[in-house]
Amino acid sequence: MIPVDTLPDKHNNSLKFTTNPHSQNLTWKGCLDSISFQESAIKNKLLTLDKPCYILKIAGKIGVTNEGYLCPPENNTTVQTELITFIPPINLQQLGDSNFLAAHGVKYAYVTGAMAGGIASEEMVIALGKAKILSSFGAGGLPPERLETAIKRIQSALPHGPYAFNLIHSPNDMAIERRAVNLYLKYQVRTVEASAFLDLTPNIVYYRVAGLSLNDANQIEIKNKVIAKVSRREVASKFLQPAPARILKELLEQGLITDLQAKLATKVPMADDITIEADSGGHTDNRPLVCLLPSIISLRNEIQEQFQYQQPIRIGVAGGIATPQSALAAFMMGAAYIMTGSINQSCVESGACNHTKKLLAQAEMADMIMAPAADMFEMGVKLQVLKRGTMFPMRAQKLYEIYRNYNSIEEIPIAERQKLEKQIFRKTLAEVWEGTASYLSQKNPEKLGKAVNNPKLKMALIFRWYLGLSSRWSSSGEKGREVDYQIWCGPAMGSFNDWVRGSYLAEPDNRRVVDVAHHIMTGAAFLYRIQSLKIQGMQTPDDYSQYCPDFPQLLEM
């Protein structure tokens with residue numbers, strides 16, 4: 001024990017309490033050598049999340065320790081240390097809903113969402129899965145044979161999970177949905193992330209209901225879990241309720257589900273988890289998270305009251321989650337889990353090319369813009385993309401304006417057509433159509449037949465050639481097409497870059513998805529401690545409200 005009068009008298013003036021919240025009538029006992037008074041040492045104590053933090057006052061100086069213990073004060077003894085307050089240990093599993101961890105067999109209430117075209121790659125899913133973090137493979141836009149290869153590879157590496165696969169809504173070609181569902185059922189993929197759905201389709205209902213059965217205790221067993229990503233109350237409502245009777249009847253008539261499964265489907269919701277998608281990359285309604293999440297939680301509670309599900313649906317969040325601050329804000333608002341997206345695209349394991357990763361690592365929050373979506377082009381649906389370093393957003397918007405103003409390729413003025421051929425397509429429109437027709441003759445002859453007799457549809461398919469390939473160029477690193485890369489990205493990317501600036505994660509070559517997940521969750525837990533102390537009246541230096549990925553070094557996973 002060191003004498004009180006030799007305790008340091010500097011570097012602790014900025015750590016103060018405006019009030020003394022201590023009312024537990026307890027005192028601290030321990031070794032004075034374990035108490036830290038300097039700011040850097042105090043921050044280390046606060047970052048030791050698996051131990052309690054005791055805030056003590058000795059000879060007018062405030063210090064922090066993780067050691068010692070609390071006990072009732074002894075009578076007629078002189079107390080050298082005054083216990084101001086203390087905070088208990090916190091582990092990362094306390095953030096979010098413990099039921100989410102149990103249901104998916106994971107250690108964090110943290111998910112990485114699907115980015116289409118395999119950008120959320122096998123490498124990403126496997127790396128996170130081995131760390132017991134749920135990740136969704138980006139199946140959207142991939143041919144069946146490519147998807148089947150991914151399923152086999154991921155299941156081989158993660159025979160016991162966790163992993164998920166994306167099922168993206170394809171309103172212009174429902175056969176795409178069905179082919180994916182057939183593969184998921186064939187290979188017993190037990191978790192899908194359903195995204196971009198405007199309404200329930202027979203395909204998502206088929207996947208869900210085909211996994212229903214009764215166990216030995218005569219309880220409903222849901223083998224096929226659904227994580228639905230939505231941004232509107234009316235869509236959320238559909239996933240919060242049981243499958244529609246009309247679709248169940250249709251599936252029964254087709255012999256795809258049994259009478260028992262149809263009956264069980266009336267007692268369970270369409271989703272186990274619903275991810276509220278705020279201002280995200282790709283398909284998005286640009287909704288503010290602070291407004292959207294409380295609204296959907298309230299809706300969930302209303303529907304739970306009506307149906308009394310044995311296991312209430314969990315509500316998570318996506319869009320804008322990129323830092324410990326945003327993660328903690330989501331958890332404090334009641335999110336069962338958080339989902340990251342854009343930031344993972346810049347990581348080593350993503351399917352994006354190195355040029356795209358470098359552009360993402362330079363992005364700021366204002367470097368995003370909305371542009372026409374390839375899969376819902378005719379409907380005028382837009383998605384959020386990076387505008388810095390690429391001309392895709394402007395060129396895609398130009399194509400949509402032409403599509404809206406003319407009824408056929410022939411109606412477009414010759415000068416405008418020549419400009420499109422030279423600047424955007426880099427080949428004649430006739431050549432583009434020839435390649436498109438050849439592809440459709442193999443993959444979708446019915447659509448080809450419609451396009452031949454529908455000039456407006458034919459024009460849309462020609463324009464979608466550019467919209468579809470531009471995202472693939474971004475993944476494959478197509479040389480000479482860098483200015484046409486379509487890079488799905490939300491403002492979270494800029495926020496992440498601001499946070500990691502000056503740290504080892506500033507370089508895309510150092511960004512690994514498991515590191516990113518761990519630092520966001522660790523930082524959120526640390527900031528929770530800081531905010532808890534602030535609420536109790538503690539004044540701290542500004543840098544205490546920041547968690548740097550290099551401070552401390554990555555802890556043992």
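With 3.5 Å as the limit, one finds a donor-acceptor pair spanning the side chains of Glu193 and Ser136. For the residue pair Ser280/Lys229, the side-chain donor-acceptor check at 3.5 Å is not satisfied. At a cut-off of 3.5 Å, with distance as the only test, no side-chain donor of Arg287 or Ser231 sits close to an acceptor on the other residue. A side-chain donor from one of Ser121 and Glu123 sits under 3.5 Å from a side-chain acceptor of the other. No side-chain donor from either of Gln325 and Tyr547 sits under 3.5 Å from a side-chain acceptor of the other. Side-chain N/O atoms of Asp272 and Gln311 include no donor and acceptor closer than 3.5 Å. Side-chain contact check for Thr85 and Gln536: at least one donor-acceptor pair (N or O, by modelled atom type) lies under 3.5 Å.
Side-chain atoms of His104 and Asp273, non-hydrogen and from C-beta on, do get closer than 4.5 Å to each other. In this structure the side chain of Leu101 never reaches within 4.5 angstrom of the side chain of Asn99, judged on heavy atoms. Using a 4.5 Å heavy-atom cutoff, the side chains of Val64 and Leu56 are not in contact.
To the nearest 0.5 Å, atoms CE (Met370) and CG (Asp285) are separated by 8.0 Å. With values rounded to the nearest 0.5 angstrom, Ile321 atom CD1 is found 9.5 Å from Ser495 atom OG. The structure places NE2 of His283 at 9.5 Å from CD of Glu277, a figure rounded to the nearest 0.5 Å. Here Ile87 contributes atom CD1 and Tyr54 contributes atom OH; the two are 11.0 Å apart, rounded to the nearest 0.5 Å. Taking CZ of Phe331 as the start and CE of Met521 as the end, the distance is 4.0 Å to the nearest 0.5 Å.
Ring-plane geometry between Tyr184 and Phe165 is classed as tilted, the angle between the planes lying from 30 to 60 degrees on a 0 to 90 degree scale. The aromatic rings of Trp499 and Phe496 stand perpendicular to each other, their planes meeting at an angle above 60°, with 30° marking the opposite boundary. Ring pair Phe197/Phe239 is perpendicular by interplanar angle, where above 60° counts as perpendicular and below 30° as parallel. Note on ring orientation: taking the six-membered ring where Trp is involved, the planes of Phe377 and Tyr400 are perpendicular (angle over 60°, cut-offs 30° and 60°).
Salt bridge status for Arg472 with Glu478: absent, with no side-chain N to carboxylate O gap under 4.0 Å. Using a 4.0 Å cut-off between charged nitrogen and carboxylate oxygen, Glu122 and Arg146 count as a salt-bridge pair.
The two residues Leu505 and Asn510 have their closest heavy-atom pair at CD2-O, 3.5 Å. Closest approach of Gly334 and Ile297 over heavy atoms only: O-CD1, 4.0 Å. Closest heavy-atom contact between Arg314 and Asp97: CG-OD2, 3.6 Å. The heavy-atom pair separating Ala352 from Ile119 by the smallest distance is N-CG2, 4.3 Å. When all heavy atoms of Tyr207 and Thr191 are compared, the closest pair comes out as OH-N, 3.3 Å. Nearest heavy-atom pair across Phe100 and Ala109 is CD2-CA, 4.0 Å.
More than 12 heavy-atom neighbours from other residues, nucleotides or ligands sit within 6.0 angstrom of CZ on Arg190.
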For this session: For side chain to side chain contact (heavy atoms under 4.5 Å, CB included), just list the numbers for Tyr337 and Val106, CA-CA rounded to whole Å, side-chain angles, deciding distance to a tenth of an Å, and then say yes or no.
Result: CA-CA 11 Å; Tyr337 59 94; Val106 295; over 6 Å; no
Problem set entry | side chain to side chain contact (heavy atoms under 4.5 Å, CB included) evaluation trace for Arg511 with Asp515 | CA-CA 7 Å; Arg511 296 180 179 182; Asp515 280 22; over 6 Å; no
Exercise. Where do Arg395 and Ser470 land on the side chain to side chain contact (heavy atoms under 4.5 Å, CB included) test, with the steps shown first?
Worked result: CA-CA 11 Å; Arg395 290 178 170 177; Ser470 56; over 6 Å; no
